[in-house]
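To start, the structure itself, in structure tokens.
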Amino acid sequence: MNQLLDESLSLQIAESIKSKAKKPFDNAYKAVLVTEGAKYVQGFIVFSGHPFKPVEHAWIELENVIIDPTFPHLKRKAENIWYFPAQSLTVKKLKAIIEESEEDYPEDDPLPIYGDAPYEYYGDVMLGDQKYLDAYQAAEVKCREINGLDAEKN
């Protein structure tokens, strides 16, 4: 299921938008605005080692490839990162949601976007709809697999 990460395009777009570390949602938003035909995607990434759990993340998808404008900051090899999408939004839909969020909750950052209520629990927090929970659970399984973790001990 894991689409391929286009490493060179990820690096190119990261440079063009001046990607920042620990800002995957902002980076993906800026990237989707400058990449014709791309979709904004939120979900989770998994890689071996610390933090030994799925990491909430955002990227863009263009045709059948993943473009991750935060990739240079992950300091991982592309083949050692797995992506688990929870939701995908067109630029038009994304802009509409952000505009509405800024109107309704001007003091809050509009990103990330968690879909429709009711929200589900994943990890230690309650965020996202059923698709988020499904993506998180699939990411947890992969995380245990690649890190050799025993679910009962962790």
Side-chain angles (χ1 to χ4, degrees), residues 1-49 51 53-120 122-123 125-143 146:
M1 179 226 92
N2 205 32
Q3 291 180 318
L4 292 177
L5 173 66
D6 187 320
E7 208 171 329
S8 65
L9 198 48
S10 293
L11 294 170
Q12 179 186 337
I13 289 176
E15 187 176 320
S16 76
I17 65 162
K18 297 180 177 26
S19 168
K20 293 182 175 49
K22 300 182 182 181
K23 293 285 189 181
F25 305 102
D26 293 339
N27 293 339
Y29 178 65
K30 290 175 186 173
V32 78
L33 294 178
V34 299
T35 310
E36 191 172 327
K39 288 189 173 189
Y40 171 91
V41 182
Q42 285 182 185
F44 300 90
I45 57 171
V46 168
F47 40 79
S48 61
K53 64 182 180 180
V55 176
E56 193 172 15
H57 199 69
W59 58 92
I60 65 173
E61 291 181 358
L62 182 63
E63 296 167 8
N64 290 328
V65 296
I66 290 171
I67 301 166
D68 186 347
T70 309
F71 172 69
H73 307 290
L74 298 176
K75 302 194 183 337
R76 311 273 179 187
K77 292 183 179 181
E79 62 270 14
N80 295 329
I81 303 171
W82 289 267
Y83 292 81
F84 296 86
Q87 70 173 324
S88 175
L89 301 166
T90 64
V91 172
K92 183 178 179 178
K93 176 86 171 157
L94 179 62
K95 283 181 173 181
I97 291 170
I98 288 176
E99 188 177 296
E100 183 180 335
S101 295
E102 288 173 338
E103 270 181 29
D104 294 347
Y105 307 101
E107 66 283 348
D108 293 338
D109 190 344
L111 293 172
I113 295 163
Y114 292 110
D116 299 323
Y119 295 136
E120 302 290 337
Y122 64 85
V125 293
M126 180 182 76
L127 294 171
D129 56 17
Q130 184 64 45
K131 289 180 185 175
Y132 255 84
L133 181 60
D134 294 345
Y136 183 81
Q137 289 172 337
E140 272 187 317
V141 169
K142 185 66 176 181
C143 192
I146 63 173

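Computed from a predicted model, the values in this text were never measured in an experiment.
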Spacing of OH belonging to Tyr83 relative to CD belonging to Glu61, to within rounding of 0.5 Å: 10.0 Å
- prompt: Which is it for Asp109 and Phe25 under the side-chain contact (heavy atoms from CB on, under 4.5 Å) test, yes or no, and what are the steps along the way?
  reply: CA-CA 10 Å; Asp109 190 344; Phe25 305 102; over 6 Å; no
- line: Rounded to the nearest 0.5 angstrom, the CZ-OG distance for Arg76 and Ser48 is 6.0 Å
Could you give the side-chain donor-acceptor pairs of residues 89-106 under 3.5 Å, partners two or more places apart or in another chain?
{"residue": "Thr90", "atom": "OG1", "partner": "Lys93", "partner atom": "N", "Å": "3.1"}
{"residue": "Ser101", "atom": "OG", "partner": "Ile97", "partner atom": "O", "Å": "2.9"}

field: Atom of Lys131, atom of Ala86 and distance for their closest heavy-atom approach
entry: CB-O, 3.2 Å
query: Can you list the residues that meet the side-chain hydrogen bond (donor to acceptor under 3.5 Å, both in side chains) rule with Ser10, with sequence neighbours excluded?
result: none
statement: Here the gap from Asn64 atom CG to Asp6 atom CG, rounded to the nearest 0.5 Å, amounts to 12.0 Å
Value rounded to 0.5 Å, distance of CD1 in Ile66 from CG in Leu62: 11.5 Å
query: Looking only at atom types and distance, does a side-chain atom of Ser19 sit under 3.5 Å from a main-chain N or O of Asn27, one as donor and one as acceptor?
result: no
field: 4.5 Å side-chain heavy-atom contact, Leu74 and His57
entry: yes
message: With a sphere of 6.0 Å drawn around CD of Glu79, does it hold more than 12 non-hydrogen atoms of other residues, nucleotides or ligands?
response: yes
- request: With sequence neighbours excluded, tell me which residues meet salt bridge (Lys or Arg N to Asp or Glu O under 4.0 Å) with Lys142.
  value: Glu145
Set of residues satisfying side-chain hydrogen bond (donor to acceptor under 3.5 Å, both in side chains) with respect to Asp26, sequence neighbours excluded: none
query: If you look at every heavy atom in Lys30 and Lys20, which pair is closest and at what distance?
result: NZ-NZ, 4.4 Å
task: Only counting residues at least two apart or in another chain, list the ones meeting side-chain contact (heavy atoms from CB on, under 4.5 Å) with Ala78.
output: Leu5, Glu7, Phe71
- request: Please examine the side chains of Asp134 and Gln130, heavy atoms only from C-beta on, and report whether any two atoms are closer than 4.5 Å.
  value: yes
Ser88 side, atom OG; Ile60 side, atom CD1 - distance, nearest 0.5 Å: 11.0 Å
query: Under 6.0 Å between the ring centres of Trp82 and Phe47?
result: no
Donor-acceptor contacts under 3.5 Å from residues 35-46 side chains, at least two apart:
{"residue": "Thr35", "atom": "OG1", "partner": "Ala31", "partner atom": "O", "Å": "2.7"}
{"residue": "Tyr40", "atom": "OH", "partner": "Gln42", "partner atom": "OE1", "Å": "2.7"}
{"residue": "Gln42", "atom": "OE1", "partner": "Ile113", "partner atom": "N", "Å": "2.9"}
{"residue": "Gln42", "atom": "NE2", "partner": "Ile113", "partner atom": "O", "Å": "2.4"}
{"residue": "Gln42", "atom": "NE2", "partner": "Tyr132", "partner atom": "OH", "Å": "2.5"}

